[in-house]
Structures are given as structure tokens and as C-alpha cells.
Amino acid sequence: GCSMLSTEPYTFNGLRFEDPMAAPDFTLIDQHHQSVGLSDFRGNIVLLFFGFTNCPDACPATLGTWKRVQDLLGENSEHVRFIMITVDPERDTPERLARHLSLFSPAFIGLSGTVEEIEDVAQNYNVFFEKVDVGSASGYVVNHTTLTYVIDANGDLVLAHRSYETRAQEIVDDLAQLLK
């Protein structure tokens, strides 16, 4: 019968890290000009994505999914932090991040810093990014890794979701499992 289902081990929708490790810490500046460290969010689940406000596809898609995740989580969302680190710090000032993220949710956190600081953090997460001149009025785009990393309440890196392929409900199911 149905009662058998509860004994099945949960299968995560995200890519599971075989050996969860402590998520590399960092300190950057948020969209309100406050210094923010990853360790400030200990006790919450953190979704971490590297993107930029001028991004034509992956970033708005990810933020849109995050908004649905937040809505589906309901009051559980108070235990989840959504953080986008810009890979375009030259253009993505805190003000610009604030304007952009507020289109999706006032709760989303946007972090920026110097190019060197961002490169350090990206490297720690094996995130690749590079500026590419597209020869248009917009100047350049930034090619970047489009994974969302999930850091659990203990500060361990446990999952990665592929931005394009993972539906909001699948992310919610994974987070609900981690919140248990």
C-alpha cells in the first residue's frame, strides 16, 4: 500500500555532491552596501547562483524559478536564502543589483565586489566566467557556469541544480528534504 512509500530513500533532483564539503566562505557587498559573509547565513539553506543583470537568458530564468520556489515554499521560505553573485561587477553596482532583484523578490540577495574578489569566489566554486564582446550596443555579455549551488544549514555544499533543466517544484522537493 501507500505506507510503503515512506521507506523509500529520497532521490534528489539536483546533482548530489558525493562528499559534501564545507562551502567556501566569502565576504562581499550586498545591494544595500552591507558587507555580507556566507557564514552569516548559517542555519539557513542557501541557494547560490553566479549571474549578471544584463544576462539575456540563464539569469532571468533562474531568478524567475527562484521566485516560484519561494512562493511554493510558503512559510518555509524564511529558512532559505537566495543569493546571486554578479560575474559582471564592473556594471552591476549594488544599486543596479537592487533594482534588478526587486523585479523578482525583495528577499533576494545580490552580491558584488571587485573583479578580483569575484574571481576568487568563482574559482572556489569551480565557476567559470569570461567577458565576450558581442559587437552590439550592449557591449559585452559574460559567459558563465549556470549551476545553482545548494548549501545546507550546516554550511555544507550538498547539491547543484542545473538552472535550465530543474523545475521549481523539483527544487522545492529537494529543499523540503534538506529542511527536515
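Keep in mind the model is a prediction, meaning the values are calculated, not measured. This chain uses plain numbering: 1 for the first residue, then up along the sequence.
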Q | Working for ring pair (Phe, Tyr, Trp, His ring centres under 6.0 Å), residues Y149 and Y125 | A | CA-CA 9 Å; Y149 295 97; Y125 284 87; 5.7 Å; yes
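- Annotation for P24 and L38: closest pair O-CD2, 3.5 Å, computed over non-hydrogen atoms.
- Put simply, the side chain of E170 gets close to the backbone of R167: a donor and an acceptor are under 3.5 Å apart.
- In this structure the side chain of C55 reaches within 4.5 angstrom of the side chain of H144, judged on heavy atoms.
- H161 is listed as a side-chain neighbour of L159, based on a closest heavy-atom distance under 4.5 Å.
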Q | Stepwise side-chain contact (heavy atoms from CB on, under 4.5 Å) test for T27 and V36 | A | CA-CA 5 Å; T27 303; V36 168; over 6 Å; no
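- The shortest side-chain heavy-atom distance between L15 and R162 falls under the 4.5 Å cut-off.
- Put simply, the side chain of V142 does not reach to within 4.5 Å of the side chain of V132, judged on heavy atoms.
- You'll find the side chain of V115 reaches within 4.5 Å of the side chain of E90, heavy atoms only.
- Exactly one of I171, L175, V46 qualifies for a side chain to side chain contact (heavy atoms under 4.5 Å, CB included) with V150. That residue is L175.
- Across G113 and I118, no two heavy atoms sit closer than the pair N-CD1, 3.7 Å.
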Q | Verdict with reasoning, S112 to D92, per side-chain hydrogen bond (donor to acceptor under 3.5 Å, both in side chains) | A | CA-CA 7 Å; S112 62; D92 284 344; over 6 Å; no
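- With rounding to the nearest 0.5 Å, the separation of OG1 in T62 from NZ in K67 is 15.5 Å.
- Cluster annotation: F52 and L63 are assigned to distinct hydrophobic clusters (Ile/Leu/Val/Met/Phe/Trp/Tyr, side-chain heavy-atom contacts under 4.5 Å, transitive).
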**Q.** Stepwise side-chain hydrogen bond (donor to acceptor under 3.5 Å, both in side chains) test for Q169 and D173
**A.** CA-CA 6 Å; Q169 187 60 58; D173 292 345; 2.9 Å; yes
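- From M84, atom CE reaches atom CZ of F104 across 9.0 Å, with rounding to the nearest 0.5 Å.
- Under the 4.5 Å side-chain heavy-atom criterion for grouping Ile, Leu, Val, Met, Phe, Trp and Tyr, F129 is not connected to L97 through any hydrophobic cluster.
- To the nearest 0.5 Å, atom CD of residue Q34 and atom CG of residue D40 are 10.5 Å apart.
- A single hydrophobic cluster is seen to contain both I85 and I109, as judged by linkage of ILVMFWY side chains at heavy-atom distances under 4.5 Å, directly or through other members.
- At distances below 3.5 Å, at least one donor-acceptor pair connects side-chain atoms of Q31 with backbone N or O atoms of G110.
- Put simply, NE2 on H100 and CG on L103 are 6.5 Å apart, with the number rounded to the nearest 0.5 Å.
- Atom CD of Q177 sits in a crowded spot, with more than 12 heavy atoms from other residues, nucleotides or ligands closer than 6.0 Å.
- D25 and G37 make their closest contact through OD1-C, 4.2 Å (heavy atoms, listed as atom of the first residue, atom of the second, distance).
- Note that CZ of R91 and CG of N54 are 4.0 Å apart. Values are rounded to the nearest 0.5 Å.
- H33 and E95 share a side-chain donor-acceptor pair at under 3.5 Å.
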Q: Quick one: do D88 and Y140 satisfy side-chain hydrogen bond (donor to acceptor under 3.5 Å, both in side chains)? Show the steps, please.
A: CA-CA 10 Å; D88 187 11; Y140 62 89; 2.6 Å; yes
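- The two residues A58 and T146 come nearest to each other via the heavy atoms CB-CG2, 3.5 Å.
- Following chains of ILVMFWY side-chain contacts shorter than 4.5 Å, one cannot reach F49 starting from L157, and the two form parts of different hydrophobic clusters.
- When atom types are taken as modelled, the side chain of T145 and the backbone of L147 share no donor-acceptor pair closer than 3.5 angstrom.
- In this structure the side chain of L48 reaches within 4.5 angstrom of the side chain of I151, judged on heavy atoms.
- Heavy atoms only, all atoms of each residue included: N13 and D174 are closest at N-OD1, 3.0 Å.
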Q: Could you give me the CA-CA distance, side-chain angles and deciding distance for Q70 and S77, then say whether side-chain hydrogen bond (donor to acceptor under 3.5 Å, both in side chains) is met?
A: CA-CA 6 Å; Q70 193 183 38; S77 70; 5.1 Å; no
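- Distance OG/S39 to CZ/F26: 9.0 Å, rounded to 0.5 Å.
- At a threshold of 4.5 Å between side-chain heavy atoms, the hydrophobic network of Ile, Leu, Val, Met, Phe, Trp and Tyr places Y10 and V172 in one connected group.
- The pair R68-D71 does not meet the salt-bridge criterion, since no charged nitrogen lies less than 4.0 angstrom from a carboxylate oxygen.
- At least one side-chain heavy atom of V80 sits less than 4.5 Å from a side-chain heavy atom of L73.
- No side-chain heavy atom of T65 sits less than 4.5 Å from a side-chain heavy atom of T166.
- The minimum heavy-atom distance linking V158 with P20 is given by the pair CG1-CB, 4.0 Å.
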Q | Derivation of the ring pair (Phe, Tyr, Trp, His ring centres under 6.0 Å) call for W66 and F108 | A | CA-CA 9 Å; W66 279 7; F108 292 172; 5.8 Å; yes
